[in-house]
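What follows is one structure encoded as structure tokens, with my remarks underneath.
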Number of protein chains: 2
Amino acid sequence: MLKKKETLVALAKKGIITPEIKAVSKFENIDPEKIMEGLSEGTIVIPGNPNHINLNKIAGIGKGLSTKVNANIGTSPVNCDIKKELIKLKYCIKYKADTVMDLSIGGDIKKIRRNFLKKCILPFGTVPMYQTAVETTVKRGSIDRMTKDDIFNTIEQQAQEGVDFMTLHCGIIKETVEKLKRNERLMGVVSRGGAFLVKWIEENGQENPLYQEYDRLLDIAHNYDITLSLGDGFRPGCLNDATDIAQVSELIILGELTKRARERNVQVIIEGPGHMAINEITANVMLQKKLTKGAPFYVLGPLVTDIAPGYDHITSAIGGAVAASAGADFLCYVTPMEHLSLPDEEGVKEGIIAARIAAHAADIAKNVPMALNWDREMSYYRKNLNWEAQAKFAIDPMKINNRKKIKKSANGKTPCSMCGEFCSMKIKI
Amino acid sequence: MLKKKETLVALAKKGIITPEIKAVSKFENIDPEKIMEGLSEGTIVIPGNPNHINLNKIAGIGKGLSTKVNANIGTSPVNCDIKKELIKLKYCIKYKADTVMDLSIGGDIKKIRRNFLKKCILPFGTVPMYQTAVETTVKRGSIDRMTKDDIFNTIEQQAQEGVDFMTLHCGIIKETVEKLKRNERLMGVVSRGGAFLVKWIEENGQENPLYQEYDRLLDIAHNYDITLSLGDGFRPGCLNDATDIAQVSELIILGELTKRARERNVQVIIEGPGHMAINEITANVMLQKKLTKGAPFYVLGPLVTDIAPGYDHITSAIGGAVAASAGADFLCYVTPMEHLSLPDEEGVKEGIIAARIAAHAADIAKNVPMALNWDREMSYYRKNLNWEAQAKFAIDPMKINNRKKIKKSANGKTPCSMCGEFCSMKIKI
């Protein structure tokens, strides 16, 4: 069992330019000193568990870096096929997600995860509470009978196996649950892990173990250099519930927990909404940045309307672009199937590409180095009607290569069917 | 031949609540006086040509009203099939575009338009320059040989036939063409109508007839109560060219032309970008509103990145949502096929729904009356796992009704495949 003696943050605080920093620096075209500084102050994370042996495409997430995209895959009790999930993992890599999370909640969760980890070259995340909840239900008949050891043993097991980052709902506390009950919501708690914990707190009358024994969590995170993704258990599940007392109260707790993690040299990112009207997004990003002193912000959408099942890759691309433009660092993809079913591999592809479009559009807006160059290259070849070169720069080359009725001419230029002889690109002025 | 004695604006200025105002008032849930006031001051338009006999679903566009969506259909020289276009028109109506534009530039343009007009119950727009350019090319061999009478005769012909609103590139003037040449662009002029006119100006050394004889245009517009959609011939075709000297110079001219139209009681909307980075959109909307004293703003996107052919319904949904949140009133849809080919009917559907999502998300952000109610209804039924009711409120009910493996229970509640027994909606707290 590999364990790391010092975390990335500890090394960065000593001024050491590690191979991880060099790799991110090269990818982002940013001075390594900037990355080191971001790691030291907690505005940048580079998730990587030394036990994730085949992690070979690391990602820096945070201040000044390009916006990253996570793709969720995994089983459910009613849709559980490891082979299908491994195909989805291939799609994640092919369509350039930056990280992958396994949200499996059906079947043999340990076996599924181990299969994923064998194949996953990207930073790999989980929500350990899912495994704990499923195993507790099998062993003891109800999530309510989960013990503290159940929770921490799962986390340690997953850390040993090489999980790089973990969603943990440490910010759900009894006091906020009371606030939630006093301030009615339309949708209640839509975070699955959050709902498990709220129910556990209510049934057992005890404080959330992830909060109460946060130092025990930090010990594990420190030993395996796990990046904590502090979950937003009270994220809004509809526009009506956004930016309410429960959501903001939890964020305040997360701000305090962020400080404690930094003191232990543990990397932290903060999860955020959710469903939220466009006009609330920028303020929410500002709030997160202030309350957590600039921790990387990982948004789950935001979905800017509730009325578009089947199109939620679009509702979340809108919200994600606005959020990342305002400073969010990490977008969790949403597939067209969100609110309907688990995605198939095509849904995974659609979700990743929509989120990457949002991320890139935001990178231009927030002046990420070199981001606009991609658009300039694409536009140059578009102007010249050079379809082969356009395919090289298109986010999905197949959309160009698969066009029907392409008639190739000798010089590699092919017409589209929009304007024929009246193409504005052909009019020389 | 029907002609109207007084335009809608003239009647509004007299304080008359016309049937058009009443219809818009009812649809928007806004006092008719507000609509009358908006028409009088030019911040609201209601396109409607008395000769468009079967127009029965009018749309108010502008200040305080819900954001509207236009869908472009029509032929090209290499893709010309009236039957296919009429199917697309059906899709426009079925998927609830608010207006339709015929951008045909291939085949018998007059015949195609007349076919559309017979079936189109929505406000119907055209770009008359396309017909002029195609006919001139046939008759005289080159667009450059187009005469002033060719231009105005086409406009009058289309007005007589019942076209409700027309894109006219009146703001392209010799001086701005010179500015364009002095300030190099990556993509040049991507507006097709704009490119025709620039070439004509350059070849003939004359001023743009639509500008020079603007009063002649206003006469026709006044006679048929045509809504002028003042085109942005210099709209940016890539992010690199956005908010440049040519674009802003044209907008200044359009501001002056808006004033002159209002003095003649002619309705005007202003067209806008185009390709544009997210962080420039809000400033562009502000600029348009200031320079035109609040004329309705009709944006063609904006597409927030150039790199996503095949996904430009998404790039434009992002830009459209941001623009409409900032005050844009009217979104021209963009289909996934933009930059690749003409859309098929599925592309029309995808384009309309993406634009409607953007419009609705923006309506919530800008506090359009009742907009959020739709989301509240949807979320209520989502929380209750009532799929039948969700289908009624979903922007595309088929996405819910077509779900595979739906097992109906006696009470009409059906499971999705996401969480099974671990569904957060089922956890009562």
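Protein chains get the first letters and strands the later ones, always in sequence-line order, with residue 1 at the start of each. If you're wondering where the values come from, they're calculated on a predicted model, not measured in any experiment.
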**Asked** Among Gly194(A), Gly74(A), Pro309(A), Gly106(A), who wins on heavy-atom pairs under 4.5 Å with chain B?
**Response** Pro309(A)
**Prompt:** Where on Glu280(B) is there a heavy atom nearer than 4.5 Å to chain A: the side chain, the backbone, both, or neither?
**Reply:** neither
**Prompt:** Side chain, backbone, both or neither: which part of Phe196(B) has a non-hydrogen atom closer than 4.5 Å to chain A?
**Reply:** both
**Request:** Please list, chain by chain and in numerical order, all residues satisfying side chain to side chain donor-acceptor pair (under 3.5 Å) with Ser379(A), sequence neighbours excluded.
**Result:** Asp306(B)
**Item:** Per-residue contact mode, Ile201(B) against chain A (heavy atom under 4.5 angstrom)
**Value:** neither
**Asked** Looking at Thr75(A), Val304(A), Val322(A), Leu303(A), which has the largest count of heavy-atom pairs under 4.5 Å with chain B?
**Response** Val304(A)
**Message:** For Glu377(A), which atoms come within 4.5 Å of any heavy atom of chain B: side chain, backbone, both, or neither?
**Reply:** neither
**Request:** Find the one option among Leu342(B), Leu186(B), Ile357(B), Ile307(B) whose heavy-atom pairs under 4.5 Å with chain A are most numerous.
**Result:** Ile307(B)
**Request:** Would you mind checking which part of Leu372(B) comes under 4.5 Å of any heavy atom in chain A, side chain (CB onward), backbone (N, CA, C, O), both or neither?
**Result:** side chain
**Exam field: side chain Ser325(A) to backbone Ala321(A), donor-acceptor pair closer than 3.5 Å** = yes
**Polar contact flag, side-chain donor to acceptor under 3.5 angstrom, Thr67(A)-Lys366(A)** = yes
**Prompt:** Between Glu202(A) and Lys181(A), is the closest basic N to carboxylate O distance under 4.0 Å?
**Reply:** yes
**Prompt:** With sequence neighbours excluded, what pairs up with Asn72(B) under the side chain to side chain donor-acceptor pair (under 3.5 Å) test?
**Reply:** Asn70(B)
**Prompt:** Side chains of Asn240(A) and His275(A): is there a donor and an acceptor less than 3.5 Å apart?
**Reply:** no
**Message:** With a 4.5 angstrom heavy-atom cut-off, is it the side chain or the backbone of Ile143(A) that approaches chain B, or both, or neither?
**Reply:** side chain
**Prompt:** Is it the case that Asp312(A) and His339(A) place a side-chain donor and acceptor less than 3.5 Å from each other?
**Reply:** yes
**Request:** Pick whichever of Met187(B), Gln390(B), Arg382(B) has the most heavy-atom pairs under 4.5 Å with chain A.
**Result:** Arg382(B)
**Prompt:** Relative to chain A, which segment of Leu103(B) carries a heavy atom at a distance below 4.5 Å: side chain, backbone, both, or neither?
**Reply:** neither
**Fill in**
Applying a strict 4.5 Å limit to non-hydrogen atoms, the region of Phe393(B) in contact with chain A is backbone
**Asked** Is it true that Asp344(A) and Lys84(A) make a salt bridge, defined as a side-chain N closer than 4.0 Å to a carboxylate O?
**Response** no
**Prompt:** Can you say whether Ser191(B) sits under 4.5 Å from chain A via the side chain, the backbone, both, or neither, judging by heavy atoms?
**Reply:** backbone
**Request:** Select, from Ile364(B), Asp241(B), Asn367(B), the one with the greatest count of heavy-atom pairs under 4.5 Å involving chain A.
**Result:** Ile364(B)
